[in-house]
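A note on names: the letters A, B, ... follow the listed sequences, proteins ahead of strands, and every chain is numbered from 1.
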Amino acid sequence: MSKRPVHDIEKKWQERWEADGVYRAEDSGKAEKFYGLIEFPYPSGEGLHVGHPRSYVAIDAVTRKLRMSGKNVMYPIGWDAFGLPTENFAIKNKIKPQEATKGNIANFTRQIKSIGLGFDWSREVDTTDPKYYKWTQWQFLKFFNSFYDEAEQRARPIEELPAHLNKDEHRMAFKTASTINWCPRCKIGLANEEAQGGVCERCGNPVEKREKAQWMIRITKYAERLLKDLDNVDYLEKIKAQQINWIGKSEGAYVDFNISGSKNPFDKVTVFTTRPDTLFGATYLVLAPEHPLVATWLKEGDIKNQNEVQAYQSTTAGKSEMERTAEGKEKSGCVLKGIEAVNPANGENISIWISDYVLAGYGTGAIMAVPAHDERDFQFASKFELPIKYVVAPVVIDSTNPHREGKKTVTRPTVHAIIRNPKTDEILCMKWKHRDITTFVIGGMDEGEDPIEAAKREVREETGYTDLKFVEVLGGPMRADYFAAHKDENRVAYITAVMFDLVSDKREEVPASETDTHEPVWIPLNKIAKENLPPLERNYILARIMSKEAFVVTEPGEALNSGFLDGLPTWKAKDDMASWLKDEGKGDKAVTYKLRDWVFSRQRYWGEPIPIVICPKCGYVPVPEKELPLMLPDVDAYEPLDSGESPLAAIRDWVEVDCPNCGGKAERETDTMPNWAGSSWYFLRYCDPQNEKEFASQEKLKYWMPVDLYNGGMEHTTLHLLYSRFWYKFLWDLRIVPEECGSEPYAKRRSHGLILAEGGEKMSKSKGNVVNPDDVVGEYGADVFRVYEMFMGPFDQPVPWDTNGIEGVRKFLDKVWTLFDDEKNVDASEELVTLYNQSIKKMTDGIDGLYFNTCVSQMMIMTNAFVEAGGVPEAMRKGYLQILAPFAPHMTEELWSNLGMQGSIHRSAWPSYDESKLKASTFELVVQVNGKVRGKVTVDADVSEEDAKAMALKEENVVKTLGGKEPKQVIYVKGRLVSIVV
RNA sequence: GCCGCGGUGGCGGAAUUGGUAGACGCACGGGACUCAAAAUCCCGCGAUCGCAAGGUCAUGAGAGUUCGAUUCUCUCCCGCGGCACCA
């Protein structure tokens with residue numbers, strides 16, 4: 001074991017730092033501020049996990065470095081202490097959650113302090129402290145007392161709501177009966193985000209759907225802003241992607257289908273579709289079984305097969321979310337007999353179905369089914385033998401080929417080739433992929449040549465199959481006159497033809513040769529027809545260039561004799577179709593989001609009481625501000641009630657109150673808030689934690705916000721991170737958070753990788769492979785623990801714990817210590833000077849960039865060099881300790897004070913490096929011959945190109961390799977190599 | 001299926017704007033010190049051929065661009081994470 005007196009030193013300095021306020025942040029000052037943040041921990045009974053410090057130490061290193069660089073740094077800590085685990089712990093151990101929390105916080109505090117993190121403890125917050133949750137409740141009331149102004153795109157006080165609108169229908173926080181995710185084990189309702197994958201986030205139990213009156217917050221109003229503002233922040237790409245995905249924006253249109261056969265002649269079904277351009281291909285409608293119109297029609301007796309429909313409804317109602325989706329591909333459904341819908345595009349009558357593959361909560365809860373272009377609709381149609389209609393956007397091609405320009409201008413009508421592969425007997429359609437345009441094949445032809453013959457010829461040439469037998473060559477749209485002439489020959493396009501070289505605006509970017517070198521890909525025709533049909537919007541670009549003509553073709557084969565051009569409606573692209581629908585009064589453009597409103601009620605004890613009184617006369621009445629905080633009452637039993645109510649409901653003398661509005665008998669809301677409430681704004685409270693008049697003063701918010709760097713787990717991306725962004729935007733809208741702070745709370749968000757158990761598995765109590773930080777700190781001390789956590793691997797990637805690896809770090813720090821043991825004077829050789837300067841640069845850049853593992857390895861390299869040299873040159877002693885200080889704060893502080901330095905190393909000025917000394921005066925010039933390293937020559941750093949080349953050509957092994965041959969080319973890369981080509 | 005991220009020795013991982021692949025650490029092998037062990041120190045450590053000098057092959061696979069590719073382009077395979085009957 002090390003001779004290094006680890007624990008005494010660490011304890012001594014931890015106490016000294018605290019006494020001296022080394023890490024205290026000033027709320028103002030000349031220095032530029034830096035707000036570094038880690039997700040405040042949930043103080044569980046299990047204590048700190050080795051995963052927590054990975055994040056804490058990393059941001060600690062960053063903030064220490066920046067503090068030394070002269071920034072006014074705030075690095076606060078607090079406790080996210082409300083929540084289920086503590087409540088369950090309390091129930092099990094028969095103690096109060098308040099007591100359990102107190103004990104857990106004390107334990108976490110002890111553990112965190114033992115690691116020597118530079119937190120400003122004077123700003124500690126605790127979400128369960130009434131002084132804190134007073135403001136959480138106050139902010140909830142702001143939600144209750146606000147509405148979202150769509151025109152201004154921001155939240156405003158409810159008093160400003162136009163008088164003709166009902167306030168209760170527009171509050172940002174509102175209570176409503178809705179279908180929610182219910183965890184039968186935890187006995188609480190869950191937000192969508194907490195029930196991902198159909199299981200409870202806390203306990204893993206499958207969630208059920210349940211009708212329940214719940215407080216909701218209109219996060220959906222912010223969907224667009226939450227999405228768009230991601231452009232203005234520096235988040236890890238995967239974080240953005242995950243949020244974008246979760247918000248789930250789709251653009252498309254609402255389409256109204258009139259109903260025939262129902263008693264009410266004004267009945268209509270509105271569907272949402274992202275593909276209004278496929279409207280002609282809609283062959284039936286599907287409604288969610290819960291769709292309100294179904295109930296209406298049943299009531300009115302419009303539906304002739306009532307029993308069947310009701311039976312289907314009750315089977316799906318009985319299924320949990322898991323069951324509904326787990327069944328996977330097999331579709332089920334039930335037709336509604338007696339009524340039909342009218343396709344607004346072509347007036348066709350189509351059948352109406354209900355099926356659970358249509359979700360009640362998304363879009364309008366109804367879809368138009370286009371089996372030709374949607375896999376799910378296709379499955380459904382196949383199962384119930386419903387018609388399938390292909391929508392094809394043909395393009396009339398009558399163009400000159402720009403690539404042949406200058407040689408010979410050729411008119412190239414398109415022809416589709418559909419051939420039989422003579423080897424496999426498979427029917428194929430030829431397709432090219434060129435940039436983002438999928439092209440189907442196309443024969444070029446010379447003037448005067450028959451297009452179909454030309455296509456055959458070209459296909460033969462392209463494929464090399466000279467004996468191709470053409471099953472059918474389909475005359476594509478071609479020129480109208482050509483088409484007219486061939487119509488009676490039954491040549492019909494049912495696959496779109498597109499020519500890539502018609503994209504005029506991109507044409508010149510593509511070298512002519514490129515188009516000719518593309519290998520054709522052969523794919524089965526049926527595959528194209530069902531899945532790979534080219535996106536029509538692409539065709540549309542081309543269509544618009546080339547032609548106004550377009551049409552719809554039905555099932556292949558069917559249309560052959562139908563004279564399909566006659567009287568068919570004109571195909572339209574997405575946007576045009578949407579505008580057409582709008583003009584006709586049959587629909588409109590629409591945008592939908594997957595994001596749902598935030599279920600904000602929890603039927604549990606250990607949370608912030610929702611400060612609302614329910615009055616039989618006045619409705620929902622907010623608890624007056626001056627009565628906040630609305631304290632959680634002491635109770636004896638915390639068990640959730642089987643009725644699904646909060647334990648608070650049982651405390652009658654707390655529940656029964658006078659209405660703050662009319663003074664009549666009323667009752668308190670007994671639901672509490674989710675633990676995401678307190679964590680949605682804690683970073684604001686850190687700015688001004690003691691303030692009793694406001695949640696934080698405007699002045700201090702202006703100074704500290706936004707957070708400059710926020711690190712936390714990926715698991716919070718669609719929970720805490722999304723919620724707090726939303727919460728912050730809301731407060732910002734009301735200007736409770738000053739406008740100057742900006743619309744986003746976190747300028748930069750990073751995420752650390754998980755620490756896995758030895759062997760790569762996840763650490764878990766049940767597997768008994770959990771590493772306890774106390775043990776590690778106890779054995780090796782905090783510095784070794786810290787450096788090891790930073791050295792393990794890239795910060796953002798998961799890494800397994802390695803007991804041997806930590807030994808290596810211990811050896812490293814022992815070496816550093818020994819170097820300062822006897823202060824032998826060592827000359828500052830050029831090599832050491834270079835290395836020293838490089839190391840400062842590496843630390844300076846590496847810490848900013850969060851490349852901690854390579855920072856540590858650089859320190860090891862430098863240390864090894866000092867060991868070899870026999871000591872640290874005097875001039876480098878200070879700087880060497882300083883750049884190591886962010887990682888090993890205790891040891892460096894001790895050595896710093898041993899050097900006789902005044903004041904803490906952590907308040908000393910970060911060393912700078914000498915740009916001119918980053919490179920040695922000589923370097924090894926690498927000589928390559930034909931791309932292979934054949935020799936090395938040591939040359940001066942400022943060697944001239946001529947000299948370098950000359951020396952390279954003289955190198956022994958190079959001469960040998962060249963064997964007298966004359967170099968064709970000699971390339972010199974400054975400061976690196978000479979490359980000789982023979 | 002969609003989105004994101006990866007694939008480099010026995011392992012964790014390095015490699016600046018394309019320029020000596022395998023830094024640093026671990027493990028392993030050999031040696032020194034020791035009665036012995038631990039600790040510490042020294043040497044070696046991708047594969048392969050060779051006594052050696054040196055050569056050849058190697059960054060998931062295959063092509064391409066280049067004097068030169070782990071890095072850039074294309075195609076494909078595999079792994080991880082997230083979402084998922086979202087119309």
Side-chain angles (χ1 to χ4, degrees), chain A residues 1-3 196-198 236-246 248-250 252 271-275 278 286 324-325 327-331 355-359 361-370 373-377 379-380 433 517-519 521 531 592-595 714-715 717-718 753-754 760 788 791-794 796-809 811-812 814 818 845 851 853-854 856-861 864 867 924-936 957 960-961 967-971 973-982:
Chain A
M1 269 293 107
S2 151
K3 289 172 286 175
Q196 299 183 21
L236 229 48
E237 200 46 49
K238 60 177 170 181
I239 297 174
K240 283 191 186 182
Q242 223 166 293
Q243 290 213 350
I244 290 167
N245 192 25
W246 187 256
K249 180 178 181 174
S250 316
V271 304
F272 172 71
T273 176
T274 54
R275 295 290 305 275
T278 62
V286 190
R324 260 173 92 148
T325 54
E327 280 172 44
K329 298 204 162 88
E330 188 62 17
K331 295 274 181 291
S355 172
D356 61 8
Y357 84 92
V358 174
L359 307 174
Y362 180 75
T364 59
I367 61 156
M368 63 180 208
V370 186
H373 304 285
D374 183 283
E375 208 182 325
R376 295 151 303 174
D377 296 345
Q379 285 165 10
F380 192 85
K433 234 183 147 176
T517 56
H518 268 69
E519 292 283 322
V521 181
E531 293 158 30
T592 61
Y593 301 88
K594 289 186 205 169
L595 186 71
M714 278 307 289
E715 70 274 18
T717 303
T718 52
L754 235 54
Y788 175 61
F791 184 56
M792 289 175 90
D796 58 349
Q797 275 171 45
V799 256
W801 188 266
D802 178 10
T803 316
N804 290 315
I806 200 165
E807 282 286 347
V809 169
K811 284 184 210 165
F812 159 55
D814 281 352
T818 314
D845 301 346
Y851 306 122
N853 55 332
T854 54
V856 175
S857 92
Q858 181 69 31
M859 289 308 296
M860 288 174 167
I861 292 168
N864 290 343
V867 169
E924 251 190 3
L925 181 77
V926 171
V927 189
Q928 292 183 350
V929 179
N930 284 339
K932 295 214 161 105
V933 178
R934 295 299 174 183
K936 289 165 192 177
N957 200 46
K960 212 170 98 190
T961 314
K968 275 186 208 141
Q969 196 186 355
V970 180
I971 296 160
V973 181
K974 192 161 184 287
R976 294 207 181 272
L977 55 73
V978 171
S979 181
I980 302 164
V981 188
V982 287

Which protein N or O atoms sit under 3.5 Å from an N or O of nucleotides 44-47 of chain B?
none

Given [options], which nucleotide is nearest the side-chain atoms of [X]?
X	options	result
A:Ser250	B:C3, B:C24, B:A87	B:A87
A:Trp246	B:U20, B:A23, B:A84	B:A84
A:Val358	B:A87, B:C24, B:U16	B:A87
A:Lys932	B:C24, B:C57, B:A84	B:C57
A:Lys936	B:C24, B:G4, B:U20	B:U20
A:Ile861	B:A21, B:C24, B:G4	B:C24

Base, sugar-phosphate, or nothing: which does [X] touch, judged by heavy atoms less than 4.0 Å apart?
X	result
A:Val973	base
A:Thr273	sugar-phosphate
A:Val926	base
A:Gln242	sugar-phosphate
A:Phe791	base

Whole-Å gap separating [atom2] ([N]) and [atom1] ([X]):
X	N	atom1	atom2	answer
A:Phe812	B:C41	CZ	C1'	19 Å
A:Asn245	B:G4	CG	C1'	9 Å
A:Ile244	B:C2	CD1	P	18 Å

For A:Trp246, give me all partners under ring-ring contact (aromatic ring centres under 6.0 Å, His included), at least two apart in sequence or on another chain.
none

Any-strand Watson-Crick or G-U partner of B:C2, both distances under 3.5 Å:
B:G82

Does any nucleotide pair with B:G12 by Watson-Crick or G-U wobble geometry, both distances under 3.5 Å, and what is it?
B:C24

Should the side chain of A:Lys331 and the base of B:C85 be counted as holding a donor-acceptor pair, with the cut-off at 3.5 Å?
yes

If the glycosidic angle is within 90 degrees of 0 it's syn, otherwise anti, so just tell me which one B:G9 is.
syn

Can you sort out the partners of A:Gln242 under side-chain hydrogen bond (donor to acceptor under 3.5 Å, both in side chains), two or more places apart, ordered by chain and number?
none

Only counting residues at least two apart or in another chain, list the ones meeting side-chain hydrogen bond (donor to acceptor under 3.5 Å, both in side chains) with A:Ser857.
none

Do any N or O atoms of the protein come closer than 3.5 Å to N or O atoms of nucleotides 61-66 of chain B, and which pairs are they?
none

Pairs: protein N or O with nucleotides 26-32 of chain B N or O, under 3.5 Å:
residue, atom, partner, partner atom, Å
B:C26, OP1, A:Lys811, NZ, 3.4

When the P atoms of B:G13 and B:U34 are compared, how many Å lie between them, rounded to an integer?
41 Å

Can A:Tyr851 and A:Asp845 be counted as having a side-chain donor-acceptor contact under 3.5 angstrom?
no

